[in-house]
Amino acid sequence: MARDGEDRYRTMIEWSPEAFNVHRGGKLIYVNPAAVKMFGASSAQELVGKPILELVHPDFHQVTLARARRILEQGVATTMSELKYLRLDGTVIDVEVEGIHIIFEGEAAALVAMRDITERKRSEAALLELNARLNEKSKLLQTTLDSISQVIFMTDADGRVSTFNHR
């Protein structure tokens, strides 16, 4: 009966669009198909047995080790964090990560849920850059308006004053 439940949970993880891995002793012991895809592997065998730090950007090694210790030694779940991982080809990806302590094949292990947020981070950076450019243009417009000696104002579609010079 317990085996049926375990098989059901494993099936859910296998079919999940979210990437999951299980590690113990600093090495991956399980990855689901979504994790295989996220890391750019052709199969789970390419990843199983690999040290987890090989897939973590060097800037995040210490954070990752501390999180793994909290999970494995203290049994404490980690909160969602943004880290940088490495695909097998060396490409850096931004990832949201959280982990919990589990018993996997009879021994303590860490189950880690991962989500590739690289595109979201690129979009956020592009929006910040666009906002900075718009702010610069807005400052330039205001400086130009303020240099004009006549009173100038603009209204929006509802007739409210939206922009004006200091005259």
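- In plain terms, the two heavy atoms of H57 and H61 that are nearest each other are O-CD2, 3.4 Å.
- Considering CG of N32 and OG1 of T11, their distance stands at 12.0 Å, rounded to 0.5 Å.
- A salt bridge links K84 with D94: the distance from a Lys NZ or Arg NE/NH1/NH2 to an Asp or Glu carboxylate oxygen falls below 4.0 Å.
- Contact record, A34 with P17: CB-O, 3.5 Å, taken as the closest heavy-atom pair.
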>> What verdict does the side chain to side chain contact (heavy atoms under 4.5 Å, CB included) test give for L28 and L55, after you've listed the backbone C-alpha separation in whole Å, the side-chain angles of each residue and the deciding distance to 0.1 Å?
In response: CA-CA 10 Å; L28 293 172; L55 299 170; 3.5 Å; yes

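- Annotation for E98 and R67: closest pair CA-NH2, 3.6 Å, computed over non-hydrogen atoms.
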> Going through the checks in order, is the side chain to side chain contact (heavy atoms under 4.5 Å, CB included) test met by E82 and K121?
Replying inline: CA-CA 10 Å; E82 291 183 8; K121 297 299 276 184; 2.8 Å; yes

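- In the hydrophobic clustering of this structure, I29 does not group with L47; members are Ile, Leu, Val, Met, Phe, Trp, Tyr whose side-chain heavy atoms approach within less than 4.5 Å, directly or through other members.
- Grouping the Ile, Leu, Val, Met, Phe, Trp and Tyr side chains by contacts below 4.5 angstrom, directly or via other members, places V95 with L88.
- Annotation: R24, atom CZ; neighbour count of heavy atoms from other residues, nucleotides and ligands within 6.0 Å is above 12.
- Remark: K50 engages E54 in a salt bridge, criterion side-chain N to carboxylate O under 4.0 Å.
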>> Under the criterion side chain to side chain contact (heavy atoms under 4.5 Å, CB included), I'd like the reasoning laid out for N21 against H23: C-alpha separation, chi angles, the key distance, then a yes or no.
In response: CA-CA 7 Å; N21 78 56; H23 65 83; 3.5 Å; yes

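- Linking Ile, Leu, Val, Met, Phe, Trp and Tyr residues whenever their side-chain heavy atoms come within less than 4.5 Å places V31 and Y85 in a single cluster.
- Contact between I71 and H101 at its shortest, heavy atoms only, is O-CD2, 3.2 Å.
- In this structure, CE in M38 is found 11.0 Å from CZ in R115, a value given to the nearest 0.5 Å.
- The heavy-atom pair separating D156 from D158 by the smallest distance is OD1-N, 2.9 Å.
- Going from atom OG of S16 over to atom CE of M12 covers 9.5 Å, rounded to the nearest 0.5 Å.
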>> What verdict does the side chain to side chain donor-acceptor pair (under 3.5 Å) test give for E46 and S42, after you've listed the backbone C-alpha separation in whole Å, the side-chain angles of each residue and the deciding distance to 0.1 Å?
In response: CA-CA 7 Å; E46 276 188 87; S42 58; 2.4 Å; yes

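- You'll find the side chain of T64 reaches within 4.5 Å of the side chain of I52, heavy atoms only.
- The two residues E105 and R10 have their closest heavy-atom pair at OE2-NH2, 4.1 Å.
- Taken to the nearest 0.5 Å, the CD1 atom of I13 stands 4.0 Å off from the CZ atom of F20.
- Two residues are said to be in side-chain contact when any heavy atoms from C-beta on lie closer than 4.5 Å; T118 and T91 fail this criterion.
- Linking ILVMFWY side-chain heavy atoms closer than 4.5 Å, directly or via other members, places V22 and V97 in two distinct hydrophobic clusters.
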>> Apply side chain to side chain contact (heavy atoms under 4.5 Å, CB included) to residues I100 and I102 and explain how you reach the verdict.
In response: CA-CA 6 Å; I100 60 169; I102 64 168; 3.9 Å; yes

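- V63 and I117 fall into different hydrophobic clusters, where Ile, Leu, Val, Met, Phe, Trp and Tyr residues are linked whenever their side-chain heavy atoms come under 4.5 Å apart, directly or through other members.
- In this structure, the separation between CZ on F39 and CG on D116 is 9.5 Å, given to the nearest 0.5 Å.
- Ring geometry for F104 against Y30 counts as tilted: the plane angle lies between 30° and 60°, on a 0 to 90° scale.
- A salt bridge does not link R133 with E136: every distance from a Lys NZ or Arg NE/NH1/NH2 to an Asp or Glu carboxylate oxygen is 4.0 Å or more.
- Electrostatic pairing of R120 and E96 counts as a salt bridge here, judged by a charged N lying under 4.0 Å from a carboxylate O.
- Within a 6.0 Å sphere centred on CD of Q74, heavy atoms belonging to other residues, nucleotides or ligands number more than 12.
- Taken to the nearest 0.5 Å, the CZ atom of F60 stands 10.5 Å off from the CG atom of L86.
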